[in-house]
Each structure stands twice: as C-alpha cells, then as structure tokens.
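Below: one structure, written as structure tokens.
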Protein chains: 2
Amino acid sequence: MSQMQNVEIGLREMILGLEVGPGERLTERWIESRFGASRTPVRAALLRLETEGLVCRDGRGWTVSPINLAELEQIAVYREAVEVAAVKLTCALEDRTAVEIIEAMLDSCDAGSPREEWHRVGMDFHIELARLSGNEFLFRAVRDAMTRLSRARWLEVRDEAALGRAWAEHHAILAAVRTGDADEAARRLSAHIVGSRDRLVTSLHNDRRGLRARGFAVVAA
Amino acid sequence: MSQMQNVEIGLREMILGLEVGPGERLTERWIESRFGASRTPVRAALLRLETEGLVCRDGRGWTVSPINLAELEQIAVYREAVEVAAVKLTCALEDRTAVEIIEAMLDSCDAGSPREEWHRVGMDFHIELARLSGNEFLFRAVRDAMTRLSRARWLEVRDEAALGRAWAEHHAILAAVRTGDADEAARRLSAHIVGSRDRLVTSLHNDRRGLRARGFAVVAA
DNA sequence: GATACCATTTTGGGATACCAAACTGGTATC
DNA sequence: GATACCAGTTTGGTATCCCAAAATGGTATC
C-alpha cells in the first residue's frame with residue numbers, strides 16, 4: 001500500500017466519518033504529521049479528494065467541503081437521471097438474477113443492526129443497482145454522487161420510520177426490476193430519490209443551526 | 001499561471017490534439033523536460049488528467065489512454081441520460097433566451113470554417129446546452145464526457161454530409177428548446193446522440209487498422 | 001480603544017536528492 | 001540458437017529543502 005493511498009483512504013474516512021468537520025481548514029503539514037507521510041503523497045491525495053468534492057480550495061489552502069444544500073438538491077436531479085437510466089438498462093437484461101444479491105444485502109439489515117450498517121447498505125443499494133446496468137459511466141456517476149451525499153445522510157436526523165420507508169421502497173424497486181418492468185422500476189426509483197432528497201434537505205435545513213453549533217459549515221440552498 | 005496548470009493544460013492539449021498518440025507511454029521525466037517544470041507539478045497534472053480519463057496507469061508508469069470503442073458506446077448511453085435530463089430542465093425554465101447564444105455559435109461555422117472550428121463548436125454545442133440547465137452536475141458530466149470523446153471525433157473520417165447533418169440536428173434541437181417542447185427536444189437529442197455514436201463507432205471500427213498503423217492504440221468494443 | 005504598521009511565522013508551490021523496483025542489454029552457458 | 005542470468009540504467013515513489021506569499025501577532029501611533 002503506497003503512502004498516497006494510505007493518506008487518500010485515511011483522509012477520506014476521516015472526512016466521511018465527520019472526524020474532521022465540514023468547512024474545517026486543512027493544512028498539508030497537519031495531514032503530513034497525522035498520517036506520518038511526507039507532503040508529496042499528501043498533496044497527491046488532496047488532489048484526488050478534490051475531484052471527489054470532499055475537499056476544496058480555499059484561496060491558497062484546503063478546506064473540508066461544507067455541506068451545501070443547493071448542491072444536495074442538484075445532486076438529486078443528477079442521480080435521478082443516471083440511476084433511472086441504469087435501472088432501465090438493467091431491466092432490459094435477460095439475466096437479472098443478480099438483484100437477489102442486492103435483496104440479500106438489504107435483508108442483512110434488521111432492527112438490531114447498528115446505524116453504520118443502515119447507512120452503508122442504504123448507499124450500497126444504489127451503487128450496486130447501478131453496477132448491474134453494466135455501464136461503467138453510469139455506475140461511477142452513482143458511486144461518486146453517493147459519496148458526496150454520504151456526510152449529509154449521516155447528519156440527517158433520521159427517524160426509524162424513514163429508515164423503514166426507504167427499506168420498503170428499495171424492495172419495491174427491486175421487485176419491479178426482477179419482473180423486468182422498466183417503467184415501474186423507473187417510476188419508483190424516481191419517487192424514492194425525490195422523496196429522500198426532500199426529507200434530507202428539510203431535515204438539514206431545520207437543523208442547520210445545531211450543525212453550525214457543532215462546527216459544521218452548512219451552506220444554504 | 002502556476003506550473004501545474006501549465007503542464008495540465010499543455011499536456012491536455014497535446015493529448016486531445018493527438019500530438020501524443022493514444023496508447024503511447026509517458027514518463028514523468030519526459031513531461032518534465034518537455035514543459036520545463038519539475039516533477040512536483042508534473043505529477044499533480046498527471047493525477048488530474050487521470051481523473052479525466054486522458055491518461056491511465058500502466059503498471060507503475062503512465063500511458064496516454066487508448067481509444068476504446070466499448071467505452072465510446074457506454075459514454076453515449078451516459079450522455080443520453082444526462083443530456084436529456086439537462087435539456088428537459090432547460091425546457092422547463094421560463095427564460096430560455098440563452099439558446100440564441102448557442103444558435104449564434106452554431107451559425108458562426110460555415111463551409112469556409114476550418115475543421116478545428118467545426119470540431120470545437122460541435123462539442124461546445126452540447127456543453128453549453130447542458131450549462132443552460134443550471135445543474136452543475138449535469139453540466140460537468142456532459143463536459144467531461146465530451147472531453148473523453150474529443151480525440152475519437154478527431155479520428156473519425158467525417159464526410160461533409162455528416163457535418164451538415166449534425167448541424168441541422170443541432171438546430172432542430174434548439175428550435176424545440178426555444179418553444180419549450182421538452183419531449184420533442186429530448187427525442188431529437190436522443191436520436192442525435194445515438195446516431196452520432198453509430199457513425200463514430202462504425203467509422204473507427206472500419207479505420208482501426210489505419211489508426212493502429214499510425215501508432216494509435218484502438219481497443220475493440 | 002481602534003488602527004495602521006512591521007517583524008515573525010506559517011503555508012503552499014516548486015525543485016531536487018535518494019531509493020527501491022522494474023526494465024534493458026549484453027554475456028555466458030547449455 | 002535459445003535461455004538463464006547479471007550489471008547498469010531508467011523510472012516512479014517519497015522525503016526534504018528552498019522560496020515567495022499570506023497569515024499572524026505584537027507594537028506604536030493617533
């Protein structure tokens with residue numbers, strides 16, 4: 001494992017896990033000492049994370065990207081476009097048995113599962129569903145979009161009801177895919193993405209004061 | 001202008017302009033001497049171009065990404081998803097007068113314009129059309145996809161008829177956008193992308209021997 | 001007390017030195 | 001002639017050094 005991957009993976013985990021807060025300043029020297037690497041791999045890692053939207057330039061320096069409500073809304077529109085395209089492709093496949101793997105993944109989560117598990121499975125559902133399409137670009141688009149959404153989903157004040165609703169919607173989408181009903185799958189997927197976005201943005205909007213109090217920069221829509 | 005941008009822009013131009021052939025090996029030291037920069041900015045530039053898909057790793061080293069026919073086909077599907085989503089958003093806007101700027105851009109190309117001009121305008125049409133949607137992610141997706149297509153479009157043996165057809169299709173799409181007919185715009189845009197892809201892939205497939213003879217790596221579909 | 005100014009420190013951009021791994025070319029062996 | 005092997009070279013990965021610009025903090029001035 002090269003130092004660059006070390007820093008890239010470690011720093012990404014810190015950012016996605018909110019160990020460094022959105023909006024926080026980062027210095028190359030701090031990262032250097034934090035991971036015991038020199039500045040060369042640190043800079044390489046920062047350049048990569050910049051393309052993922054997890055860090056951004058702040059004048060000359062680096063900043064952990066703030067949570068941006070306007071961006072979250074735009075991402076939802078983007079997701080709708082690419083995820084619906086992907087699921088339609090998947091429905092057109094002859095062999096759609098792979099959906100069962102995703103169903104098993106969903107079912108591995110139950111009431112006793114930790115929050116982290118629900119969080120991860122909720123993202124992987126969309127990523128793996130896109131992967132089934134076989135289109136590398138649609139897949140990467142979904143994966144990258146979910147990465148950008150990851151922190152916001154952590155911050156969302158999720159009630160149990162929302163988790164259960166998402167779980168049911170995911171299953172309904174898979175059921176449509178299993179039968180090859182592209183229109184039904186697309187309709188349900190669209191509704192799911194739009195609904196999730198609304199709940200997420202509303203929740204973050206209501207909580208933005210508390211989040212800022214925790215040192216998390218939240219940019220309004 | 002920082003050295004990193006220098007190298008990034010210069011190397012991107014060399015790759016897109018086919019001054020370095022698809023599949024060609026690149027060494028950091030060669031780029032270093034070619035642009036009079038040290039390895040630090042060279043590495044930063046390579047990392048960026050890697051995310052654009054213009055260079056890729058080849059074991060430990062770097063390679064100018066080969067032309068990949070399978071990738072071209074997948075990109076077309078991806079483009080269809082994001083461009084259609086973007087144009088539908090644009091049709092839903094109240095103020096769509098900005099399409100006139102794009103029409104003027106198209107009209108700036110005539111029979112006397114150099115090939116480079118047609119090439120650039122043909123890409124910018126799609127990029128600027130996506131920009132009108134106001135969705136940053138859809139815009140970036142289209143821009144990045146067109147960047148990846150750029151070299152293949154150069155290699156395509158274009159007859160005048162194909163240029164004229166694309167020009168007419170572009171105008172027809174804009175006409176539909178101007179009247180706000182989202183379905184019509186989407187239909188025409190879809191057909192245009194699919195048709196362009198077919199011509200492009202067919203042309204490259206037929207020419208792949210000649211291209212390989214020129215030292216251009218072409219990966220089959 | 002507010003502010004303008006200057007010395008100091010910090011920071012990112014870049015250049016270079018060093019190293020280990022991979023590659024190359026030639027040679028010796030069969 | 002083919003092949004195994006070895007020394008020399010090249011290459012990317014990393015660490016470190018230098019520099020100019022920006023941030024910082026203290027001080028003098030009003």
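Keep in mind that this is a model prediction, so the values were computed, not measured.
Residue R29(A) has its side chain nearest to dC18(D) when only dT14(D), dC18(D), dG12(D) are considered. Here the side chain of T27(B) is nearest to one of dG12(D), dG12(C), dG13(C), namely dG12(D).
If you take CZ of F35(B) and P of dA15(C), they are 14 Å apart, rounded to a whole angstrom. Straight-line distance from the CD atom of E28(B) to the C1' atom of dA22(C): 14 Å, rounded to whole Å. As rounded to whole Å, 19 Å separates atom C1' of dC23(C) from atom CH2 of W62(B). Rounded to an integer number of Å, the gap from CD of E8(B) to P of dG14(C) is 12 Å. At whole-Å resolution of the value, CG in L47(B) and P in dG14(C) are 14 Å apart. Separating the CZ atom of R25(B) from the C1' atom of dT10(D) is a distance of 12 Å, rounded to the nearest angstrom. Taking atom CD of E32(B) as the reference point, atom P of dT16(C) lies 8 Å away to the nearest angstrom. Here the P atom of nucleotide dA15(D) and the CZ atom of R43(A) are 14 Å apart, to the nearest Å.
Residue S38(B) places at least one side-chain N or O under 4.0 Å from the OP1 or OP2 atom of dA15(C). Residue Q3(B) places at least one side-chain N or O under 4.0 Å from the OP1 or OP2 atom of dA15(C).
Taking both residues in full, the closest heavy atoms of E32(A) and A37(A) are given as CG-O, 2.8 Å, listed atom of the first, atom of the second, then distance.
Under the Watson-Crick and G-U wobble criteria, each requiring two contacts below 3.5 Å, nucleotide dC18(C) is paired to dG13(D). In this structure, dC30(C) forms a base pair with dG1(D), meeting either the Watson-Crick or the G-U wobble geometry with both donor-acceptor distances under 3.5 Å.
Among the heavy atoms of the strands lying under 4.0 Å from R57(B) are primed sugar atoms or P, OP1, OP2 only; no base atom is included. Within 4.0 Å (heavy atoms only), A44(B) reaches no atom of the nucleic acid at all. In this structure, L26(B) reaches the sugar-phosphate backbone alone: every heavy-atom distance under 4.0 Å involves primed, P, OP1 or OP2 atoms, never a base.
Of the residues listed (L26(A), L54(A), V64(A), V7(A)), the one engaging L49(A) in a side chain to side chain contact (heavy atoms under 4.5 Å, CB included) is L54(A), and it is the only one.
Aromatic ring pairs are classed by plane angle as parallel below 30°, tilted from 30° to 60° and perpendicular above 60°; the pair F125(B) and H192(B) is perpendicular.
Taking the nucleotide of DNA chain D with the nearest heavy atom to each of R60(B) and T40(B), the more 5' of the two is matched to R60(B).
Annotation: cation-pi pair R25(A)/W62(A) absent, no NZ/CZ under 6.0 Å from the ring centroid and within 45° of its normal.
The number of heavy-atom neighbours closer than 6.0 Å to CZ of R57(A), taken from other residues, nucleotides and ligands shown, is above 12.
Contact annotation: side chain of R39(B) to base of dG14(C), donor-acceptor pair absent below 3.5 Å.
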